[in-house]
2 protein chains.
Amino acid sequence: MTATAKKDSCLTCDAKHTSALCSSPDVLRIIYSIKVNCHYKAGQMIFQQGQEPLGLFAVQSGLVKLEVNSHDGHAHTLRILGTGGVVGYRSLFAREPYKANAVAMEDTSLCYIPKTELFQVFVEHPEATLNFMQSICKDLRSAEEKWVDQMDKEASERVAEAILFLQDHFHDQKWTRKEIAQWAGTTPETVMRALSQFEKDGLIEQAGRRIIILNRAGLHSKAAQI
Amino acid sequence: MTATAKKDSCLTCDAKHTSALCSSPDVLRIIYSIKVNCHYKAGQMIFQQGQEPLGLFAVQSGLVKLEVNSHDGHAHTLRILGTGGVVGYRSLFAREPYKANAVAMEDTSLCYIPKTELFQVFVEHPEATLNFMQSICKDLRSAEEKWVDQMDKEASERVAEAILFLQDHFHDQKWTRKEIAQWAGTTPETVMRALSQFEKDGLIEQAGRRIIILNRAGLHSKAAQI
DNA sequence: AATTAAATATGATGGGCATCATGTTTGCGG
DNA sequence: CCGCAAACATGATGCCCATCATATTTAATT
């Protein structure tokens, strides 16, 4: 972990209003007193499958992906977190070693919050706990929906869904075919063919490596099971 | 909901030690004071997608499945809960309508706990909340693992995994090919062929509609990605 | 006990998509 | 600015598995 001495202010933090951790000014003040800032370069690993969680990470700026590596070298992206996202909470609260790797997708600043102090916050601020539980339960929904989609939808439908999701949550971000594939549960080649088709249909436009959505409704109807 | 006047005792309840809700004698006493017992016949629906959650359900005895129905009439089983399991918490804590149906797979007794009182318990007993969060985080892990398995493993591997899981968690339960398929993310025919093969390989034995595992290690190696 | 629906069991067929292969383009580091 | 690795792009191939079909057995219902 690469902690810096300087502590960024929580008051001017972009994530203040969106993070499930910073639910009230009260809690925000305490979090500020216990957090430590860490900085990661693009591609750097934040934690790794098998390690013991000692705290959790809140994304101040940048982008983090959680991914699992299967036996045959294939990687699957479980979650992607931008500003306000919380990384490493699942294993921490499940009280088990990390089951996935957390990787900085670009230069990223995180707030590290040691577990003992964090648990203390939750014990003293039940409304913060319930607020955070809401966020976890939404993640659970996403995961279960992803499994169902994997069966019910065709690969191209999942790709349409993926680029809509990625666009909505991380606008103006560039994605490689591989990254989209690992998120959508398919291969780069299949993503490729789907994107070509979408472009041919006038749904998207590819400016270099950036995807521009021309017909949002059209893409949605491609993604949706009627 | 079919609530009865009679209130079953929490002190003699089988689920007392296994349920994530009944974490301490203290909490157990409060839960007892606010719960209501409900009974459902096999096949009966407990709640339905789209409805507003008003509380949650703890399984006292019986078996409950959570399933989603996709557009084309296909059903997928998200979770199966036996004694001690908690049903309906995800939507309640996410503060959104139910996204799945809860169905009693056999005659089932539940403890219904209204949300207002439940939140009160959690506010006053932070350790109960954190205990419950652990359980949620494990469910999240299961869901994410299920998605990964859906891609990495072949159908027969998932079937092997499924019958091991179902056996471990709900021993001596009878399962139809369809139920196994909806859990394993495949079709009854594919389950069929996998089971036939397993029997041919001497891994299992089918006594009527009950599956007997003869070679546990062998099945495990079928299920596992080396 | 008779009737009917549901579950079991297997075979045949076809399509979706992963895999491999190959050429081109992009973009980064020296 | 150049070279090389990574990403893009598209074609060819094969196979896993969903789907459909059909016969048999089991279980439930009257």
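All of these numbers come straight from a predicted model, not from anything done at the bench. Quick note on labels: first sequence line is chain A, next is B, and so on, each numbered from 1.
Residue A/Thr176 places no side-chain N or O under 4.0 Å from the OP1 or OP2 atom of D/dA7. Applying the 4.0 Å criterion to OP1 and OP2 of D/dC8, one finds that A/Gln206 has every side-chain N and O outside that range.
Distance, B/Glu154 CD to C/dC17 P: 17 Å, rounded to whole Å. Taking atom NZ on B/Lys174 and atom P on C/dA6, their separation rounds to 17 Å, with Å as the unit. In this structure, A/Arg193 places its CZ atom 13 Å from P of D/dT13, rounding to the nearest Å. Between the P atom of D/dA7 and the CD atom of A/Glu179 lies a distance of 8 Å, rounded to the nearest Å. A/Gln182 places its CD atom 10 Å from the P atom of D/dA7, with the value rounded to the nearest Å. Here the P atom of nucleotide C/dC17 and the CG atom of A/Asp152 are 13 Å apart, to the nearest Å. The distance between atom CD1 of B/Ile211 and atom C1' of C/dA7, rounded to the nearest whole Å, is 13 Å. If you measure from atom CH2 of B/Trp175 to atom C1' of D/dT26, you get 20 Å, rounded to the nearest angstrom.
No hydrogens or angles considered: a donor-acceptor pair under 3.5 Å links the side chains of A/Glu106 and A/Gln173. For the residue pair B/Gln60/B/Asn37, the side-chain donor-acceptor check at 3.5 Å is satisfied. B/His76 and A/Asp152 are linked by a side-chain donor-acceptor pair at a separation below 3.5 angstrom, with hydrogens and angles left out of the test.
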Check the pair A/Leu81 / A/Leu63 against side-chain contact (heavy atoms from CB on, under 4.5 Å), numbers first and verdict last.
-> CA-CA 6 Å; A/Leu81 292 309; A/Leu63 211 58; over 6 Å; no
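With the end axes of the helix from C/dA1-D/dT30 to C/dG30-D/dC1 each set by five pairs, the angle from one to the other reads 50° at 10° resolution.
Positionally, the nearest nucleotide of DNA chain C for B/Ser196 lies more toward the 5' end than for the other of B/Ser196 and A/Thr190.
Residue A/Met192 has its side chain nearest to D/dC8 when only D/dC8, C/dA9, C/dG16 are considered. Nearest to the side-chain atoms of B/Thr187 among the listed nucleotides C/dA7, D/dT19, C/dT19 stands D/dT19.
Look at A/Lys99 and B/Glu144 and you find no salt bridge, because none of the NZ, NE, NH1 or NH2 atoms lies under 4.0 Å from a carboxylate O.
Backbone-only contact: B/Arg209 has heavy atoms under 4.0 Å from sugar-phosphate atoms and none from a base. Across all strands shown, B/Glu199 has no heavy atoms under 4.0 Å from either base or sugar-phosphate atoms. Residue B/Glu189 is in base contact, counting any heavy-atom pair closer than 4.0 Å across all strands shown.
Around the NZ atom of A/Lys138, the shell of radius 6.0 Å holds no more than 12 heavy atoms that belong to other residues, nucleotides or ligands.
Cation-pi geometry between A/Lys65 and A/Trp183 is not satisfied (NZ or CZ under 6.0 Å from the ring centre, within 45° of the ring normal).
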